[in-house]
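Following: one structure in structure tokens, then a few remarks.
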Number of protein chains: 2
Amino acid sequence: MHTDCTGEKTARPGESEIVVIAETFRLLGDPTRLKILLECLDGAVSVGEIARRIDASQSLVSHHLRLLRAARLVKGTRQSKQVYYEADDHHIRHIVSDMVAHAAESEDTQ
Amino acid sequence: MHTDCTGEKTARPGESEIVVIAETFRLLGDPTRLKILLECLDGAVSVGEIARRIDASQSLVSHHLRLLRAARLVKGTRQSKQVYYEADDHHIRHIVSDMVAHAAESEDTQ
DNA sequence: TTTACATATGAATACGTGTTGATATGTTGG
DNA sequence: CCAACATATCAACACGTATTCATATGTAAA
């Protein structure tokens with residue numbers, strides 16, 4: 001994983017970009033929303049099925065999906081009655097998997 | 001970047017891990033904390049210099065650094081009077097740079 | 001030890017937001 | 001049309017937390 005780590009410095013974003021990026025990170029910072037996003041990583045899932053899988057109310061899931069959609073973390077496509085949601089792009093998968101690795105490392109090292 | 005994207009599914013973390021991961025994401029979800037972390041990406045910086053660079057009070061920076069340290073996002077080493085902080089590991093850089101890329105893509109596509 | 005500097009901690013407040021319950025919108029079939 | 005289902009939106013409460021100010025701890029020089 002991540003073979004091309006040649007120590008390149010990350011370009012510093014401007015003030016307005018930082019706010020947007022932080023806003024996006026903040027969305028991942030809620031356990032319920034993170035669960036919803038995790039369910040959307042392996043393919044398109046309907047709202048109702050997400051609610052069932054993570055054991056949350058339909059209203060709550062819909063609220064969170066609205067936020068995730070606004071930040072382009074997920075995208076939804078209507079198919080008759082139901083709306084199927086899935087992760088927007090590949091960056092999201094990398095971000096989540098990197099964070100999982102970080103958390104696992106912390107537990108190991110500690 | 002990220003050349004080895006062979007469509008592998010991300011392993012689903014358990015409930016307790018999800019809470020930890022969300023907690024870590026949440027820390028990145030505050031603009032001030034994100035700025036602090038960004039300053040720590042390119043090398044070790046003292047608390048006072050961070051405060052000066054991002055134009056925040058010393059107390060606030062110290063409070064945030066305490067949280068970032070607890071989540072192993074940064075690590076600090078004392079050198080006489082000052083304490084120098086830097087990003088804990090390489091995952092953090094990837095996570096941040098991926099999110100920057102995601103934000104940039106969103107603006108382009110939109 | 002005293003003085004000055006750098007960092008950490010404590011308490012209090014103001015603000016945002018996750019969650020719930022009820023309701024509205026949209027879609028398909030009878 | 002109406003009824004049944006899926007999703008979205010609205011209003012309101014409860015709770016966490018980012019920030020500030022004051023103070024404590026730690027470190028080095030005089």
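Per chain, numbering begins at 1; letters A, B, ... match sequence-line order. Not measured: the values here are computed from a predicted model.
- Rounded to whole Å, the distance from CG on A:Leu67 to P on C:dT17 is 9 Å.
- Remark: the A:Gln58 side chain and the D:dA8 base include a donor-acceptor N/O pair separated by less than 3.5 Å.
- In this structure, the CD atom of B:Gln79 is 13 Å from the C1' atom of D:dT27, given to the nearest Å.
- Looking at heavy-atom distances under 4.0 Å, A:His63 makes contact with a base.
- The residue among A:Leu60 and B:Ser62 whose nearest nucleotide of DNA chain C lies closer to the 5′ end is B:Ser62.
- Here B:Thr32 reaches the OP1 or OP2 of D:dT19: one of its side-chain N or O atoms lies under 4.0 Å away.
- Under a cut-off of 6.0 angstrom, the local environment of CZ in A:Arg53 is crowded, with over 12 non-hydrogen atoms contributed by other residues, nucleotides or ligands.
- The side chain of A:His64 places no N or O atom within less than 4.0 Å of a non-bridging phosphate oxygen (OP1 or OP2) of C:dT17.
- Distance, B:Arg66 CZ to D:dG26 P: 14 Å, rounded to whole Å.
- The side chain of B:Arg26 contributes an N or O atom lying less than 4.0 Å from OP1 or OP2 of D:dT17.
- For the atom pair A:Asp30 CG and A:Leu37 CG, the distance stands at 11.5 Å (nearest 0.5 Å).
- How far NE2 of A:His90 is from NE2 of B:His102: 10.0 Å, rounded to the nearest 0.5 Å.
- Using cut-offs of 30° and 60° on the angle between ring planes, the pair A:Phe25 and B:Phe25 is parallel.
- Going from atom NZ of A:Lys81 over to atom P of D:dA4 covers 11 Å, rounded to whole Å.
- Contact annotation: A:Arg78 does not reach the phosphate of C:dG26 (side-chain N/O to OP1 or OP2, under 4.0 Å).
- In this structure, the CG atom of B:Asp55 is 12 Å from the P atom of D:dT19, given to the nearest Å.
- Summarising the geometry, atom CG belonging to A:Leu73 is positioned 7.5 Å from atom CG belonging to A:Asp88; distances are rounded to the nearest 0.5 Å.
- Residue B:Ser59 is in base contact, counting any heavy-atom pair closer than 4.0 Å across all strands shown.
- Contact annotation for A:Ser80: backbone-only contact, meaning every heavy-atom pair under 4.0 Å involves sugar-phosphate atoms and none involves a base.
- Note on B:Tyr85: only backbone sugar-phosphate atoms sit closer than 4.0 angstrom, heavy atoms only; bases stay farther off.
- One atom, CD of B:Glu23, and another, P of C:dG18, lie 14 Å apart when rounded to the nearest Å.
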